[in-house]
Trainee: 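Dropping the structure in here first, questions after.
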2 protein chains.
Amino acid sequence: MRFIKSMKTFHVLAEPNRLLIVELLREGPLSVGEIAERLGFNQPQASKHLKVLSDAAIVEVEAIANRRIYKLRAEPFQELNNWIESYRSIWDERYDRLENHLQNLKKKDVKLNNDESK
Amino acid sequence: MRFIKSMKTFHVLAEPNRLLIVELLREGPLSVGEIAERLGFNQPQASKHLKVLSDAAIVEVEAIANRRIYKLRAEPFQELNNWIESYRSIWDERYDRLENHLQNLKKKDVKLNNDESK
DNA sequence: ACTTTATATACGTTGACAGGAATATTCCTT
DNA sequence: AAGGAATATTCCTGTCAACGTATATAAAGT
């Protein structure tokens, strides 16, 4: 199924503390220690959540000496955007009207073609 | 926190079978029985998932005689879209360049103002 | 080499939740 | 009113994953 990737992202972001990490990393890359400190986690908890985020490719690591610097990756957010985009007709009324409009144009087209073929 | 609503949506959609229901309902409103049949669920399972979706306001019900017709609601998808939109600078490179451009314009502005004030 | 600092991993416990089976509720039909 | 259809609810069980604590690993500083 087409949406499995986004599903994984959903699942990983559904955990409140992980979403906090993501929100924090939006401001820029951070080390494990900084993340733990700023969110009031103990270090292992931060590491574990970051591992999950990393496995889901939501985050990537750069090792600098002792430290691991984590930062957000673009891809999962693009995919999430694509997914929600595929639901646009449901939540965007303007899009609805546009679609109706195109639909109407199509009907006229068909009619013209029919007339032509007679 | 601003993102709590989307978090609930994440959590509810993270369940594979619930996401299946949502994908199915994208085609249009359906009764519990139809949903259960088309997805191979037993009826109680369908009802329970629909209750969760309903509590999260992802779905709304219309009672018609014996049946309950479920359909998607727009709001959670709009909110999801807003949320992902707030991450646009991370995943949209064009947006990045645009932001840089605006940033540069601002700097020039400041310089002009400084010159002016001398 | 030894100690400290930063991070990861392992283990045990606990709580949440999805699934199945049985039952309750509600409305329709006759 | 009785039976049947559609849906909701309840109870039970098993699984998974988040947390805390303790420990392992790895690099840096002295």
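Below, chain A is the first sequence line, B the second, and so on; all start at residue 1.
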Trainee: Please list, in numerical order, the residues of residues 41-49 of chain B that have a heavy atom closer than 4.0 Å to any atom of DNA chain C.
Mentor: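 Under 4.0 Å from DNA chain C: B:Asn42, B:Pro44, B:Gln45, B:Lys48, B:His49.
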Trainee: Just checking, is any N or O donor in the side chain of B:Gln78 or A:Tyr87 under 3.5 Å from an acceptor N or O on the other one?
Mentor: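 The criterion, which ignores hydrogens and geometry beyond distance, is not satisfied for A:Tyr87 and B:Gln78.
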Trainee: In residues 30-37 of chain A, which residues come under 4.0 Å of DNA chain C by heavy atom?
Mentor: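 Contacts with DNA chain C under 4.0 Å: A:Ser31, A:Val32, A:Gly33.
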Trainee: Do the side chain of B:Arg38 and the main chain of B:Leu24 share a donor and acceptor less than 3.5 angstrom apart?
Mentor: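 Answer holds: no.
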Trainee: Kindly check if the number of other-residue, nucleotide or ligand heavy atoms within 6.0 Å of CD (A:Glu85) is above 12?
Mentor: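 Yes - once you tally the heavy atoms of other residues, nucleotides and ligands closer than 6.0 Å, there are more than 12.
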Trainee: Of all residues at least two apart in sequence or in a different chain, which pass the side-chain hydrogen bond (donor to acceptor under 3.5 Å, both in side chains) check with B:Asp92?
Mentor: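 side-chain hydrogen bond (donor to acceptor under 3.5 Å, both in side chains) check on B:Asp92 returns B:Arg88.
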Trainee: B:His11 has an atom NE2; how far is it from atom C1' of D:dA18, in whole Å?
Mentor: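 Result: 12 Å.
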Trainee: Over all heavy atoms of both residues, which pair between B:Leu39 and B:Ile21 is shortest? Give the atoms and the distance, please.
Mentor: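 Closest heavy-atom pair between B:Leu39 and B:Ile21: CD1-CG1, 3.7 Å.
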Trainee: Please assess B:Ile84 against A:Trp83 for the test side-chain contact (heavy atoms from CB on, under 4.5 Å), listing each intermediate value before the final yes or no.
Mentor: CA-CA 11 Å; B:Ile84 195 83; A:Trp83 184 84; over 6 Å; no
Trainee: Could you go through B:Phe10 and B:Leu80, starting from their C-alpha distance and side-chain angles, then the distance that decides it, and tell me whether this counts as side-chain contact (heavy atoms from CB on, under 4.5 Å)?
Mentor: CA-CA 9 Å; B:Phe10 278 143; B:Leu80 225 50; 4.2 Å; yes
Trainee: Indicate every side-chain donor-acceptor pair of residues 46-72 of chain A with a distance under 3.5 Å to a residue at least two apart or in another chain.
Mentor:
from, atom 1, to, atom 2, distance (Å)
A:Ser47, OG, A:Gln43, NE2, 3.1
A:His49, ND1, A:Arg18, NH1, 3.4

Trainee: Considering only heavy atoms of chain A and a distance under 4.0 Å, specify the first and last nucleotide of DNA chain C in 5' to 3' order that meet this criterion.
Mentor: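 Here the contact window of chain A covers C:dT5 to C:dA10.
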Trainee: Can you name the nearest heavy-atom pair linking A:Ala14 to B:His11, along with the distance?
Mentor: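 Distance-wise, the nearest heavy atoms are CB-CA, 3.4 Å.
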Trainee: Partners of B:Glu37 by side-chain hydrogen bond (donor to acceptor under 3.5 Å, both in side chains), sequence neighbours excluded?
Mentor: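 In terms of side-chain hydrogen bond (donor to acceptor under 3.5 Å, both in side chains), with neighbours along the sequence ignored, B:Glu37 is linked to no residue.
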